[in-house]
2 protein chains.
Amino acid sequence: MARPGPRSDRTAGPTTIGDVAAAAGVSRATVSRVMNGRTTVDPEIADRVRAAAERLAYRPSTLARSLSIGRTETVALVVPDLGNPMFQSILHGVTAAAAADGYRVLVADTQERPEEEAEILAEARRRCDAVLVVSPRAPDDELAALLPALAPAVLVNRESAGTASVCVDYAAGTAAVLDHLVAAGHTALVYLAGPGGSAPDTWRRAALDAARSRHPDLSVTVLDAGGTVDDGHRSAARVLATGATAAVCFNDLVALGLLAGLREAGADVPGAVGVVGFDDIELARYAVPALTTVAVPHAELGRQAWARLRAAVAGADAPETLWLETRLRERASTGPVPAP
Amino acid sequence: MARPGPRSDRTAGPTTIGDVAAAAGVSRATVSRVMNGRTTVDPEIADRVRAAAERLAYRPSTLARSLSIGRTETVALVVPDLGNPMFQSILHGVTAAAAADGYRVLVADTQERPEEEAEILAEARRRCDAVLVVSPRAPDDELAALLPALAPAVLVNRESAGTASVCVDYAAGTAAVLDHLVAAGHTALVYLAGPGGSAPDTWRRAALDAARSRHPDLSVTVLDAGGTVDDGHRSAARVLATGATAAVCFNDLVALGLLAGLREAGADVPGAVGVVGFDDIELARYAVPALTTVAVPHAELGRQAWARLRAAVAGADAPETLWLETRLRERASTGPVPAP
DNA sequence: TGGTGGCTGGAAACCGGTTCCCGATCGAAG
DNA sequence: CTTCGATCGGGAACCGGTTTCCAGCCACCA
């Protein structure tokens, strides 16, 4: 009798391929062929197998199938913090795109604990066909050392030789913001910097430097803030103390927190201080005043990340980094610099 | 030689237990015992095995291990829409709680397509040890028919005989909101109803009816809105047309949309109309005016859902439904009814 | 010195699928 | 009527682990 035969005596678990084979009077191999739509099976037998499968409510074990064919049809997404709307929208996008191709997404967050990041990534990768790594804190060299073991992998907002990347062109976005503010007459700005060492923050800082050389009379004070609403809220006093006429924030969460802090401090936005964010999360347009921000194409990011994951799983070489363009959304939180 | 022996000729995949066994000169069984910390192995041999495993960078295949022991140490979370912050925070909570016990979370959304819900649930369940089902649209009887095949499963904001549930006591929250508004002098209210047929919406409506009998002079107009920011935004004119002095919204997204719509229409909040939401998403307190809402203990919900999942996986019977208490957060979007 | 009992570790079955290989069967061609 | 080739489907190996069962070894005791 075939090995995982009909479990007559055993405690009844879910029906296996052996049960179906026995019920249809064929071998397990034939059941497998029928279930996978191989055409080399006599239609009459195929019908019998399908009937038996139906009657026994047979569902092939995903696990056994994955082990056998060497694919799980699952990808992992590892993010630093699932509480951040930016990462949530990446999750949303990639989940939708992957689902369209029959793939599932396993999600893990590193809870901002860089020391466990390597282990979490490796573990997540082992359960899946590929892993999507979103902007981890790990230093470049550590990441580079880690990636070969994770392949196939795709990076978001990060680059490393030999691994595909999808990045948002925050530098261009930052340049657009600064040019916009300068054109409106602002010369004294504040940049509320994000978590230290993250690539997107580094790109923004580089764009700041470039802008300073483009506009010699532009002064930008960099304040370390962080990436949360509270970080922005807490920074209001420091922003006002600089005397800047506009604040560029690491992301929309920080910007929304800053708006709240400025309102509590009695500072008019944009009358006294303009505020700009990054990401264009859904609520940016409902803030008061509506937040000027740099829109990131979230859905497109998810789609493209999935496309690269799919290609990587199929064994394709890492293509060039895709740089997604941002768009400045001018809303009510910025305006011309007030007359002195 | 042991079966999955050292793959000398084959294309080199990741190292298997057979490779380690061969390198250490022991059987696969012994490697397995060492890797799982069985103490019945001679320390000298154990060291040799560990050294070989280390040298070959051996990582046991999660897949094979799961198939063998019959556990995946993964749970599925199925939600109607990953774009909704409420579901995102449940994901966040349950992911954190599960990770603390070494479990991973697979996420799927049904994209609000009820007809595929059954298949998505079944498929997600098959890959995992259990499934957390968040408030699906499926009618009660369909859900009840589905659940036995999904067990172990846990429901959120939904009940069904024989399955554990974690529910938010929206009825009590609604009652608290209505009593609060009545005490402030409001007698003409609007309820912006959520997606039809969802259990939480039904509970809120039941609480409305109860409040109407408690307060005979209270009138509540029910308007079908939906569950998104846009739905709230679009409803502003209809809310004003009713002449109500306060609007109770299905959730915070609708409330925030309504706030924006009312502002555009020139209606003062709370001067002309009060607005109340549900869920207390992070940005509710940063809205202008800050949103009065019914706070749901998101983190607690995630923790408790995980606790029940864990118990269900361990084979425990479904405990009684846990009803999580809400708390009314009075902020600036509601106030006393204006003098006529 | 032989019997008994406790440990240790290897062989093999098992989890539930997929797929290679090959024998049997059948139709068609010579 | 035989032979050849194509087709169908069963047996068995395989994916990479875990676990049961048992043989072999050693110590201890009569």
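The figures that follow rest on heavy atoms only: side chains count, while hydrogens, waters and symmetry mates do not. So that the names make sense, note that chain A is the first sequence line, chain B the second, and so on, each numbered from 1.
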### Task
Give a yes/no on whether any side-chain N or O of T16(A) is located under 4.0 angstrom from OP1 or OP2 of dG16(C).
no

### Task
Round to a whole Å and report the spacing from CG of N36(A) to P of dC8(D).
17 Å

### Task
Send over the distance from Y58(B) OH to dT18(D) P, rounded to a whole Å.
6 Å

### Message
Students often get this wrong, so: under 4.0 angstrom with heavy atoms, is T30(B) touching a base, only sugar-phosphate, or nothing?
### Response
sugar-phosphate

### Nearest to side-chain heavy atoms of P60(A), which nucleotide of dG17(C), dG17(D), dT8(C)
dG17(C)

### Task
Start with the C-alpha gap between R65(A) and I69(A), add the side-chain angles, then the distance that decides, and say whether side chain to side chain contact (heavy atoms under 4.5 Å, CB included) holds.
CA-CA 6 Å; R65(A) 178 163 215 280; I69(A) 66 179; 3.4 Å; yes

#### Entry: dG17(D) OP1/OP2 closer than 4.0 Å to side-chain N/O of S68(B)
no

## Note on the structure
Closest non-hydrogen contact found for L147(B) with A153(B) is CD2-CB, 4.2 Å

### Query
Taking CD from E44(A) and P from dC8(D), how many angstroms apart are they, rounded to a whole number?
14 Å

### Task
Starting from P on dT18(C), measure out to CG on L67(B) and report it in whole angstrom.
12 Å

#### Entry: D81(A) (side chain) donor-acceptor with G83(A) (main chain) under 3.5 angstrom
yes

### Query
Separation of I69(A) atom CD1 from dC14(D) atom P, in whole Å?
19 Å

### Any donor-acceptor N or O pair under 3.5 Å, side chains T72(A), R127(A)
no

### Task
Scan V41(B) against the nucleic acid and name what it touches under 4.0 Å (heavy atoms): base, sugar-phosphate only, or nothing.
sugar-phosphate

### Message
Under 4.0 Å, heavy atoms only, any strand: does L63(B) hit a base, just the sugar-phosphate, or nothing?
### Response
nothing

### Message
Closest approach to the side chain of S61(A), judged atom by atom: which nucleotide of dT18(D), dG16(C), dT18(C) is it?
### Response
dG16(C)

### Message
With a 4.0 Å cutoff (strictly under), does any side-chain N or O of R28(B) reach OP1 or OP2 of dT18(D)?
### Response
no

### Interatomic distance where CD1 belongs to I17(A) and P belongs to dC14(D) [whole Å]
19 Å

### Query
Expressed in angstrom and rounded to an integer, what is the separation of M35(B) atom CE from dT19(D) atom P?
14 Å

#### Entry: Residue whose nearest DNA chain D nucleotide is more 5′ - A29(B) or A64(B)
A64(B)

### Message
Is it the case that dG10(D) (base atoms only) and R33(A) (side chain only) share a donor and an acceptor within less than 3.5 Å, ignoring hydrogens and angles?
### Response
yes

### Message
Just the rounded figure in Å: distance from C1' of dC7(C) to CD1 of I45(B).
### Response
12 Å

### Task
Scan R71(B) against the nucleic acid and name what it touches under 4.0 Å (heavy atoms): base, sugar-phosphate only, or nothing.
nothing

### Message
Please check this pair: side chain of S165(A) against backbone of C167(A), looking for a donor-acceptor N/O pair closer than 3.5 Å.
### Response
no

